[in-house]
Each structure stands twice: as structure tokens, then as C-alpha cells.
Amino acid sequence: MISKKLKLFTLVVAVSLFSIDSHAQNAPASSAIHTFDFELPVDQSIHYMTRQAWTTRNGLPHNSINAIAQDKQGFLWFGTWQGPVRFDGKDFDIYDDIRVTGLPDIGIFSIALNPCDDSIYVAGARGGISRFHDNRWLPLEPAPPFINEVEIDKNCTIWVSSSEKGLINYENNERVSRFTTEQGLPSNNVYQSRVDASGNLWAATAGGLSVKRAGAMRFELIDDLPANRVRKLLIDSDGRLLVGTGSGLYRQQDDKFTFEKLLPNLNFTISAINRTRDGALWLGTYRNGVLRFYNGELQQVNTDNGLPNNHVLDILEDQEGSVWVSTHGGLMQFRRSLFTTMQSHNGLAGDFVRSVYEFNDKLYVGTSSGISTLTKAQLATFESPHPLANQSVLSFSEYNNQLLIGTYTNGLFIWDGERVTDHLTTKNVLKSDEVRAIAGSEKHGLFLGSPVGVTQLKKTEKGWQTRLITTQDGLQNNYITTLRIIDNKLWVASVSGLSIVDLDASSTTEWQVRQLDFSDLHDAQLTFQISQKGPYVFLATDRGLIYHHQKEDTWAIINRDQGLPFDNFLAVSFDGDANIWLGSNRGAIFIAHDEFEDFLSGKTSHLTYQRFTEVDGMGSSQINSGGPSMIRSQNGRVWMSTARGVSSVAPSDLKAMVQIAPPAVIASVTADGQRVSYGGRIPADTQRLVVNYAGLGFLMADHIEYQVRLVGFDDQWLNRGSMTTSEYTSLPANDYIFQVRAAYPGGSWSEPASFAFARSEHPWQQSWFWLSLAVAITGIATMLVRARIRFLSNQRAQLERMVAEKTRELKGLARQDSLTQLGNRRAFDEQLQYEVKRCERSAQPLSLAIIDVDHFKLINDRFLHVVGDQVLIELSTLLSSLLREVDYVARWGGEEFALLMPETNAKDALQAAERIRQTIEDASFNHLANDLSVTVSIGVASSEHYPNHSALLVAADKALYQAKQGGRNRTELA
């Protein structure tokens, strides 16, 4: 039977965390320490993989994902009941227009990659099959409905499994044959087919498994399997066939035509099979979720522990090693975690972790519910009646080779690794049972931070001697947050600021206390953790990371102004590669060592960082404050106390995660809204070129970084951060190559993806135009001089008048759209700049609306361009009739119009735009063509929120994009 635990407590976590042996197993039974042994390494347990789920809430068109495939570029493809979907890690491209795909319906049940030409084949419920290649859909001759699967063998032969008409064979994308019960199939309902290395054709049917041996004409039934529904087939890495049935999994034997049951106790209905590169066997089931069988260990994930639905439809391992599981309730990705997290379900004392500390080769984890220890092979938790059981821990420290444990309500415990040697509370020596921070010195004794000040403890022959340091001695506040002894000086952090106690200069009657003034460091007051590295002391505070150079006695702060995402930090530590980690309530911030060193040395003034959260394997983005809440262990890992367990990360894991660069792809290139083909030429009057691209990496999709360059304009690579769009305006005439490359943080850059295009010249920008003009003028002048020398003065005056008139005409044409007679883009830009300056002078708002005709390409394609032109003309007339005298409308380009509304705030502009949209929707265009209806999408922005020229344009354009993404025929406000 499958254990419910499924050896979940494999605590894979501990793997490579320590290089030391465990001592917990040597503790006597009377110590009441509950232990968990771990038998598997981290990457062998499904329960310690990072999981991420996608549903319709995240952009999928339907929650039932019937099939998964990955193309050679790296895109993931999903077959859904609302069409085929392409996924780049962030965005879903949904192909639900049957006029584009050529399919009879949008219900997709199978997707397959053709290895011969890297094209994607999709097939659906009504028998339609279509091929996606070079960004085009090419439909094939339909098969009988309903198609269960499309399989393409190594010879590029296509096998289509149908639910009623047997198995259909395509060659060169043409139907050539069909196999049914007349050829020996036990049923015409075929779920799947496979061709093995020997040329045998296997068919999984509703009546069992059958095979047509190589060279044979008929199928024969395999008797070793149940004569009922066989749904899934997989040719395993050893060439054997794996068969998923309604009563478990079967494996082919050496004689090739007999089978035995694999995992005899497994009687689930198998709905998906996949063997991953690490040798693990993944099984999807009909009602029991997903299983992973590895090294004799069977692990299960179902709806009880996060799977969207227990009916698994397909399983795929992508090019980076992530495993994708599709269900009737959505999609889930299983990937190797960057962070390793332990929680209460793994045996940790509690999920709310406040402090973590390494003592005698063990990691001590202090939670609000007790204490756990961790070594390489074992997790142990103190349980009742042990004196450390159920203690709410706030702080750890070390003193005289003993571990000091500060609690929330029960004072201080002193632990030698085997037993509690002392317990101090208010009943004996303490001033408060809440021990929030601990610092120790052989010379000066112990110091405990509490809500009533700092208590000094010294052990004498008469017992513990105590002495209190409070605001009366110079502290800024008695509520202590953290302590640290550096060079015989006690750094005392409170809720009102930081003070330093000079222990050597203090006497038995008076403390030498100096208050630090951080008013010029953004008035920082709360310090949560103090760390020392080299000549620097680092303070994690509520206003940023403060750093102090001890030798130079300088102070500075790092926060948003230097590039960090926010100001409040609760912890600071360095890993084994000297990279810096900052803890916050919004995740862990990572800054690479070289980057941080360059900043400290003044080589750069702006930091780049990476922020990691739950999607990277952390138990929670909330890293708590504690004494300490973040540390570096002996083997270089960083441990973090979070609101849902203790998480850790090793620099080697981070390096391994970014070794393979995510391939970069260019999704689309548009010129003034019109799609541009590779190698195409864009018109001379193009105002805006937009390139959309993506990095096809799924391990850390949210962290992918990009660099772009436009060869022919600027040959230097430009950092784009996580931006997946680049825009260029008013490019000069030239030949260009746009390139983009992608990388994970700190990793190598991918090979660049390239897109070549050219921008045409205006006639007057070409030499032949001026040469022809010069020749013509010279000829005319010569003829005039020879023919009418006496009328030279009159002809000269006439010529000057003609030139002046032509100049005025050209200027008018340069500012006017020839089709709609509205102002063109150039005129609009001049008007926009004028209105922006005028609104600045008058302190009145200015609103901008960009109007885009919905599905204009379909209007041109269906009714011809002459109708499309007439639509634009009538729209320009309609828009002009709806405007006030102070408003200004121009043709922005293509099917877009731009509208300026001076002295109009955002609310009124949105209402005006909505009236325009509604008026256009209600307008009749039947006089142009039957069944012609026109709608528009409008993006609105106001100078109230976007005061300058470019920001207003970008905001309105983004709002227009949101309107189109929201379904078109909408008005959106930026």
C-alpha cells in the first residue's frame, strides 16, 4: 500500500546542508527528544520540489489541460477546451479563432511535436487537425471525431487515435490508411499508439492492448493484460513498453510480447506516464493525483497537498527539467527548489520561526511552539516532559561553550548540548522573563535584552550577579530589539534608536553610553539585526541597510535611493560566497558579492538585486525578526526564519540554477500596430516600432533579465531588466537587425534571437529624386532662357511664385493625413507638446485618448481595403462632430486616432471617451457593406497622473493595450 506519509519526512532538506554527523541519535530516551530519520536526498522527493499552479485566474482559457508539449524553441503548448495555448512562462497566447487555425472547433484534446520539422500538431473533438509552423496554421484533412491522440514517430509518420474509427495513418500530412476491428483491433476506440524501435505498432484501446508486429498486416490482442480499457503507453528509456490500464501499470518483458505488473500493489487507473531524465517514473491517475516512483520509493501528491485536481490528464518534463502536470482543475509545475524549507508537517516544532542558530555542529530552530535541531541525517524536536519542550523562543546565543536560549515567557535556558544546566527567570535573577536578544563576552559576562532594558549577568561564587542598563543610564528606549558586542562595546538596539555602551570604560557604578543619531540616515530608529564583516558593521533597520566603516568612522545607508525595492529590512547575513542576503516581510533580497563590493568601494552608486519569495521554495515571504533570524552556517548556507518554517539556500544551488540560459525568442514586431514579417520593410512614415520578446525559462521565470540592441542604430547591448517590450520611434531609413538575449540572475546570456527589417526612405530622401529634380529644373531653365530671354524677369517671378505655392502645399501635406483630412502624427505631436506646456502654465489638466478600431484587419480582409478606408473616413467625420472646439483629433497611424482634451480631468475624459465609444458602436455602417459593424477600444490618460509628454503617451497606450486585452470594445483609464 502507498503510505500516506509516502516517506514525506524524507526531509530532503537536510541534504548538503551540513557536512557533520548527527549527535541527536545519541541522546538518551529519557530526554524526550522526538526524531525523524531522512533516507533520501533532497532532489529525490516530490514533496520538496517547488510547485506553482496556473488556472483561469492566471490567464488560462480553461482549467482542463488535456495535453502538453514543448516545441524546439522552448514554448510550452497546452491543449484546452478553449483552443490551443502557447506559454512563455509569463503570458498565454490563446489560438481560439477557428478562422485562423482552420479547425472545425476549439476543443483541443491532443498536441504533438513533429521532430522532423519542429512543427506543432493539434487535434480536437470534431476530428480537426492543424499544424503550426513558422507562425502559421496549416489545417490537414480532418480525421473522424473524436481524436484521442496524435503521435508522430521517428519516420515522421502521423498516427491519429480516434474514439470511433480506429487508428488513422498520415504521411506527408495526407491520410493514407486506417486500421479498425477489421484489421484485428479489439475496439475501434483507440486511445493511443506507439511505434517501438523494432517497428512494432502498439495500440491502446477500450478493449485492451494490441500490436501489429513489424511486417504483419493485422493486429493481435495481448493476453497478459486485462481485456479492458488501456489508456496510456510509453516506450521507456530501456526500449520496453509501459502500459497504463484501469488497474495499474504493466511493463513489457524481454520477449517483447509478454507483460508483468509493475508496482503490484498499485491498482489505480493510470491516465498519464512519463520517465524523467533523473530516472524517476511519474504516473498520472484518474482519481488519485500524481505519483512519482524513484529508487523504490513511491510518493504521491493530490488535492490534499496542493494538486488542482486529482484527475491527471498529461505529464511532461521540459527542457530545463521541470515537470508539468495537467489536470481537470488546472496546471501544476514541479521544479527543483532554490530554497529548501522545513515546516511542522516535516517534524519541525512549529511553523512560526523566530530565531535560528548553529551550535556544536547542529542547527537549532526556535519557533513559537518549541525547539528543533537539525543535522545532516536527522531532525529532532524537544517534546514534553523535556524542559525545552513547547518553549516560545525569541533568541539564541553562545557563552562559555554553552547555548543560551531566550524565550518569550520563560526566561533564559542554558544548554550544554545534552542537558539544561541552568534556567534563569524573574523568580531568581532576571528583571523580565521575555529575553529578546542575547550577547556574551568572557570579560564582561552576559547581556540580555528585554522590554525593561538590558540585564548584565555575571557568574560568581555566590551565584549570578545582575545589573540593569536602562534609559536612566543613557539608552534611547528600554524595549530592546537586538544586541551585539563588537570590540568590547555593546551595541544596544531599541525601538527608539541605537546606543553603544563602552564596556571597558564603564565602572561598577556608571555605564558609559553613547547614543547614535541617525537623523541624517533617513531617521532610522528600529534596528532588527547587527552583523559584522571585515571593517564594516551592518544594521538591518526600518529605513534601510545602514553600514558603518569602523576604521574610517563613516556611516551610510542603502535603501530605495540606491536601487533596493523597499526600505524595511529585518535581517542581514552573508553566505559562503560572501553574497549579501537581506530579510524582509516581502521576501529575501540577494545582492552578489562583486556587485556589493563595487558599491562599497564607490565604483557604482546603484545596486541590482534579486528578490526571492514562495515561488522560489521559501516557506513564506515573511522573514521574521529575531535573535538572530538569519545566519550563515558552517557550510556556507544561509538560514532564514519565516512565518511558515525555516528556509535555507546555498550559493552553489543558486549557481546551478542559472547555468543554462533561457532561450530568447521574438514573439512579435509591429510598426504602427501592423505586424512586420522577418526581413520585411516598414513604410517611411512609420512612427513607432514595437518588439515583444520572451525568455523561455520556467525555473525562475519571474527573474529572467534581458538585454537588447538594434544593429544599425546602436550596436551596444542595453539592459532592459525584466521588461519584455522594446519601442523605437521615428527611426531613420536604414537596414536593421533587432537582437535580444536572456539570462537568469548572475547566469550567462543566451544566444541572441534576431529579427531583420528595413525602413524605407521618403522619395525626397533619395538621391535620384533630387538628381531628377535638378535635371528637370536645369532643362526648363535652359529652354526658358533660350526661348524667351526677354521675358526672363517675368518668368523668374512666376517661378518664384510657383515654388512658394508648392512649399506651402508640401507643408500642408506634411501635417495632414491624406485619407481622413485630419492632422497626422507630426501635427498631433506638435499640438500635444503645445497643450502640455499650456496646461503647465495654466495648472489645468490635459487628457489624452488613443482610439483603435477593433479587428480592422478583418474588415480589410472581408470587405476589401476600399471599405476599410471609407470606415476610417467616416470615423474621422464622426469624431470631429463629437468634439468641442478646444479638442483636437488626429489620425495617429493605421487604424488609430489620437484625441486631446484640454482642461479635462481624468474622470471627465473617461466619460467623454466612453460616449465616443458608445456612439461608434451604435452607428450604422450598413451603407458601406452588409453586416458591417465597427467598434473601437480606447485608452485614456491624464496629466493629473502623467505630467510630461512621453509619460502621457505611454500611459494612454498601455491603457489601450489593457482595453484590447480585456476583450476590445472597451474604454480603460491609465
Side-chain angles (χ1 to χ4, degrees), residues 59 61 67-80 82-103 106 108 110-124 128-140 150 152 156 158 173 318-319 662-683 686 689-697 706 708 710 724-727 736-742 750-758 855-858 860-861 894 961 964-965:
I68 317 174
Q70 187 173 29
D71 62 26
K72 292 297 183 181
Q73 285 184 291
F75 285 104
L76 287 175
W77 288 81
F78 308 125
T80 80
Q82 292 297 310
V85 177
R86 189 174 71 169
F87 184 45
D88 63 12
K90 286 188 175 182
D91 299 315
F92 296 95
D93 293 323
I94 303 168
Y95 299 95
D96 57 355
D97 189 342
I98 59 176
R99 292 166 293 185
V100 174
T101 62
L103 294 167
I106 60 175
I108 303 301
S110 179
I111 291 186
L113 171 68
N114 188 337
C116 299
D117 61 6
D118 300 335
S119 58
I120 287 288
Y121 286 72
V122 304
I129 306 173
S130 191
R131 170 175 173 257
F132 184 84
H133 184 67
D134 196 22
N135 287 319
R136 292 187 303 157
W137 288 97
L138 304 170
L140 278 65
V150 172
I152 305 172
C156 307
I158 303 170
N173 296 317
D318 69 20
Q319 296 167 4
V665 295
I666 297 173
S668 66
V669 180
T670 57
D672 290 343
Q674 300 298 315
R675 197 175 186 97
V676 181
S677 300
Y678 184 92
R681 182 174 292 275
I682 63 176
T686 298
L689 184 85
V690 180
V691 185
N692 295 303
Y693 45 83
L696 300 183
Y706 299 93
V708 302
L710 186 59
T724 56
T725 299
S726 289
E727 296 188 14
Y736 297 100
I737 299 177
F738 175 86
Q739 293 184 316
V740 58
R741 58 187 185 182
S750 67
E751 289 296 319
S754 300
F755 188 92
F757 66 96
H855 303 298
F856 188 69
K857 182 178 184 301
L858 292 179
N860 282 334
D861 293 344
Y961 179 79
K964 291 193 287 185
Q965 289 295 104

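All values below come from the heavy atoms of this structure, side chains included, with hydrogens, waters and symmetry mates left out.
- To the nearest 0.5 angstrom, L696 atom CG is 9.5 Å from S750 atom OG.
- Evaluation of the salt bridge (charged side-chain N to carboxylate O under 4.0 Å, His left out) rule for D117 yields R131 as partners, not counting sequence neighbours.
- With values rounded to the nearest 0.5 angstrom, Y693 atom OH is found 6.5 Å from T725 atom OG1.
- The minimum heavy-atom distance linking A667 with R675 is given by the pair O-NH2, 3.1 Å.
- Interatomic distance, N114 CG to I158 CD1, rounded to the nearest 0.5 Å: 6.0 Å.
- At a threshold of 4.5 Å between non-hydrogen side-chain atoms, the residues I152 and L113 do not count as touching.
- Partners of D318 under the side-chain hydrogen bond (donor to acceptor under 3.5 Å, both in side chains) rule, at least two apart in sequence or in another chain, are W324.
- When the side chain to side chain contact (heavy atoms under 4.5 Å, CB included) test is applied to T670, the partners found at least two apart in sequence or on another chain are V690.
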All N/O donor-acceptor pairs, side-chain side in residues 70-78, below 3.5 Å, sequence neighbours left out:
unit_1	atom_1	unit_2	atom_2	d
Q70	OE1	Q319	N	2.9
Q70	NE2	G74	O	3.0
D71	OD1	Q73	N	3.1
D71	OD1	G74	N	2.9
D71	OD1	F75	N	2.9
D71	OD2	W77	NE1	3.0

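- The shortest non-hydrogen separation linking P752 to R741 is CA-CB, 4.2 Å.
- Closest non-hydrogen pair, S110 versus A67, comes out as CA-CB, 3.9 Å.
- Atom CD1 of I666 is separated from atom CD of Q739 by 8.5 Å, given to the nearest 0.5 angstrom.
- In this structure the side chain of F757 reaches within 4.5 angstrom of the side chain of L689, judged on heavy atoms.
- Residues satisfying the side-chain hydrogen bond (donor to acceptor under 3.5 Å, both in side chains) test with Y706, not counting sequence neighbours, are none.
- Under the side chain to side chain contact (heavy atoms under 4.5 Å, CB included) criterion, D861 pairs with K857, not counting sequence neighbours.
- Atom CH2 of W137 sits about 8.0 Å away from atom CD1 of I120, to the nearest 0.5 Å.
- Within the 4.5 Å cutoff, side-chain heavy atoms of I108 are placed close to those of L103.
- Nearest heavy-atom pair across A753 and A664 is CB-O, 3.3 Å.
- With sequence neighbours excluded, no residue satisfies side-chain hydrogen bond (donor to acceptor under 3.5 Å, both in side chains) with D91.
- By the neighbour-count criterion of 12 heavy atoms within 6.0 Å, atom CG of L138 is densely surrounded, having more than that number from other residues, nucleotides or ligands.
- Taking every heavy atom of both residues into account, I111 and G79 meet most closely at CD1-N, 3.2 Å.
- The side-chain hydrogen bond (donor to acceptor under 3.5 Å, both in side chains) search around D97 returns R99, not counting sequence neighbours.
- For N135, the side chain to side chain contact (heavy atoms under 4.5 Å, CB included) partners at least two apart in sequence or on another chain are R86, F132.
- Under the ring-ring contact (aromatic ring centres under 6.0 Å, His included) criterion, F755 pairs with Y678, sequence neighbours left out.
- Taking all atoms of both residues into account, the shortest heavy-atom contact from V150 to A123 is CG2-CB, 3.5 Å.
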- Task: Carefully, step by step, assess S726 and F738 under the rule side chain to side chain contact (heavy atoms under 4.5 Å, CB included).
- Result: CA-CA 10 Å; S726 289; F738 175 86; 4.1 Å; yes
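- Scored by the side chain to side chain contact (heavy atoms under 4.5 Å, CB included) test, E751 finds no partners at all (sequence neighbours excluded).
- In this structure, OG1 in T686 is found 5.0 Å from CG in D672, a value given to the nearest 0.5 Å.
- For F92, the CZ atom is densely surrounded, since the number of other residues' heavy atoms within 6.0 Å is greater than 12.
- Inter-residue side-chain proximity for V122 and T101 is flagged as unmet; no heavy-atom pair is nearer than 4.5 Å.
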